[in-house]
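Here's the structure we're looking at; comments come further down.
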Protein chains: 2
Amino acid sequence: MSVSTVSKALNNNSSISTFTKERVVKLANEWNYIPNEAARHFKQSKSFTLGLVIPDLMDQFYIQAINGVEAVAGHNKYQVIVAQSHEDAEKEAQIIQNLISSRVDGVIIAISKSTKKTELFQRLEQTGIPVVFLSRSLNDSAFDAVATDNENGAELAIDYLVKKQHRRIAHLMGPRALRTSHLRLQGYRCALEKRGIPFDPALVKEIDFSAPQTNKVMKALFALPDPPTAFFTFKSYVSLDALRFIKDRYPQQLQKVDIVGFGNLPLIRYLDHKPSASIDENSFDMGTAAAQLLLKHIDNQEEQALPVSTVRIPCKLIVHH
Amino acid sequence: MSVSTVSKALNNNSSISTFTKERVVKLANEWNYIPNEAARHFKQSKSFTLGLVIPDLMDQFYIQAINGVEAVAGHNKYQVIVAQSHEDAEKEAQIIQNLISSRVDGVIIAISKSTKKTELFQRLEQTGIPVVFLSRSLNDSAFDAVATDNENGAELAIDYLVKKQHRRIAHLMGPRALRTSHLRLQGYRCALEKRGIPFDPALVKEIDFSAPQTNKVMKALFALPDPPTAFFTFKSYVSLDALRFIKDRYPQQLQKVDIVGFGNLPLIRYLDHKPSASIDENSFDMGTAAAQLLLKHIDNQEEQALPVSTVRIPCKLIVHH
DNA sequence: TTGTAGGCGTTATCAA
DNA sequence: TTGATAACGCCTACAA
């Protein structure tokens, strides 16, 4: 029997008789034959592989996103290669180089904090490898992206706090250098005004994610003539620092104050004093959306270029008990 | 210029003149030529890729192990493919099948809780793909493995507690079905006896990792005529449950009691009431050791089979402040 | 329904 | 020092 017959039989080609197919499959099993995917991909000049570049696997936000990507990829017979940039733009560049070398069919990337250049991503696209940015993206809007719907998340947080009768809601905003910080601030402001609560700039404080800095602004906020009774934070690690400040300095306020921040950290469930709620960014869904978008591009390779699209994934309010 | 000349030039083959090499490299850069690794691997029938199978990426213990594997692999020009079994033996089997298909050069695996069969691992070895078990392994000792030095970890824990003047040290042991549980119990017992403290079976309680079960045994321990003043737990999640029990039921004991368990969970640093210490299993080192062992086998392919070896990675005591 | 032959990109061998 | 050619394992037209 010829190799081509065997190949067709194993690929369930319609031109092969059922009898032959059965014989082939039987022998293949008996002999533990496993096709060489590498050769297959090489021949088809398609690797059925997606590259997924992540800043840091210790961050469980990304783990969930990976799970989302893997779910969609697996469902479509694609493999996923995960690589870590460790927040290092050079390492990231090396990874992308490797991904091009191994001829992945597409790349999903959450860029490192230090990534500035758009050049490598253009190179990817030129090479015919579509790219989707996940969560973090360049300001350059020439690429597809999947990101948190920050306004929506802020809206959920403010809605929750206002429904709990808070009127003086502070915002610990992220560094102004990040676009996300502005989006969340914007969402906070809109949500307040939509509910007839005037925006008070005195209640907005920029933080840099360090505990001392957070303590400093918390101190300032509590020193106001009309101090806030609730806090909306840029991310939950800030909520934890804020909470600790209150425990240490205003323990009598602990039960009255409410704190909500972005990021539903799994570790919160182990805390005695939890933030009141978290804005879950649905990173699993971000992963699935990114993978779907990427696959759409991959399947579209030949045809006309698809328009650039940015998908915003809505958030979910998680109340901690 | 012929393809073979170019190939040799790019691979820095000694039979090519410096002049030609320079010209080739220059043009390759200009034209953004990136060699097709897939074809290369195919031709060399070597993928320079290690498969790494992990039960669950949400467990940061494994993330550190991955980092260790990647460090060694990268240093030796090997790629790492990480796959999750999600504790499902069937999914795990599928992953191994895929790894064989893609002709990885070796596999490192932390088996799922439900993995029983040794067949697939034998298949891997037959196919010429060496396997190293990481952290968790089959009872079958026919395979190489890298694991925690459980006796050493127990010794560290008991040493710490005895130095803090404890004489009544309970052990919340893991399920008897796990070999690790027995090893840690054994280490506990030896360490006590070495320090002249008689082993008291009444101080040993089996737990199943559920909070209610832990509460039950804690209650029993405190009801003893001579209750323990310290606790050595199978893992830190159990320490957390034990701690909560004490906070709820014996708050006055909170400052007196010491708790030490296996596993240095990153989340501990966010707790108000921490276990006194943790036994860090050095999972990064486990990763590097596993990768080194695997590479040794890969490089040894042709030659005589290496003897089966089990590497025990020593632990580290981490005191929480 | 089955078999033959060519080719995917690279490297190794051998000839020039 | 360089070039021609075969081979890696698989798939796919096309021929039988």
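In what follows, every chain begins at residue 1, and chains take the letters A, B, ... in the order their sequences are listed. Remember, predicted model here, so these are calculated numbers, not experimental data.
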Seminar exercise, completed: Walking DNA chain D from its 5' end, the first of B:Ser4 and B:Thr18 to be reached, judged by nearest nucleotide, is B:Thr18

Output the rounded distance in Å from [atom1] ([X]) to [atom2] ([N]).
X	N	atom1	atom2	result
B:Phe48	C:dT11	CZ	C1'	13 Å
A:Ile34	D:dG9	CD1	C1'	15 Å
A:Ile100	C:dG9	CD1	C1'	17 Å
B:Asn12	D:dT2	CG	P	13 Å
B:Glu37	D:dC8	CD	C1'	16 Å
A:His41	D:dT12	NE2	P	12 Å
A:Leu10	D:dG9	CG	C1'	13 Å
A:Lys43	C:dT10	NZ	C1'	16 Å

Exercise. When you check the gap from the basic side-chain N to the acidic O, do B:Glu87 and B:Arg136 get nearer than 4.0 Å?
Worked result: yes

Exercise. Any salt bridge between A:Glu30 and A:Lys26, counting N to O under 4.0 Å?
Worked result: yes

Is the distance from OP1 or OP2 of [N] to the nearest side-chain N or O of [X] less than 4.0 Å?
X	N	value
B:Arg40	C:dG9	no
B:Asn11	C:dT11	yes
A:Thr5	C:dT2	no
B:Ser17	D:dT2	yes
A:Thr20	C:dT2	yes

Exercise. Between the side chains of A:Asn67 and B:Gln84, is a donor N or O closer than 3.5 angstrom to an acceptor N or O?
Worked result: yes

Do [X] side-chain and [N] base share a donor-acceptor contact under 3.5 Å?
X	N	answer
B:Ser15	D:dT1	no
B:Ser2	D:dA4	no
A:Lys8	C:dG3	yes

Exercise. What nucleic acid atoms does A:Tyr33 come within less than 4.0 Å of, heavy atoms only: base, sugar-phosphate, or nothing?
Worked result: sugar-phosphate

Exercise. Looking for any heavy atom pair under 4.0 Å, which part of the strands does B:Ser45 touch: base, sugar-phosphate only, or nothing?
Worked result: nothing

Exercise. Looking at the side chain of A:Ser7, which of C:dC14, C:dC8, D:dC11 is the nearest nucleotide?
Worked result: D:dC11

For this session: List the atom of B:Ile16, the atom of B:Lys21, and the distance in Å for their closest heavy-atom pair.
Result: O-CE, 3.5 Å

For this session: Please indicate yes or no: is the ring centre of B:Phe42 less than 5.5 Å from the centre of the six-membered base ring of C:dT10, with the two planes inclined by under 30 degrees?
Result: no

Seminar exercise, completed: Checking B:Glu37, B:Gln44, B:Lys43 against B:His41 for side chain to side chain donor-acceptor pair (under 3.5 Å), the one that qualifies is B:Glu37

Problem set entry | A:Glu90 atom CD: more than 12 heavy-atom contacts under 6.0 Å | no

Problem set entry | Residue whose closest nucleotide on DNA chain C lies nearer the 5' end, B:Ala39 versus B:Asn13 | B:Ala39

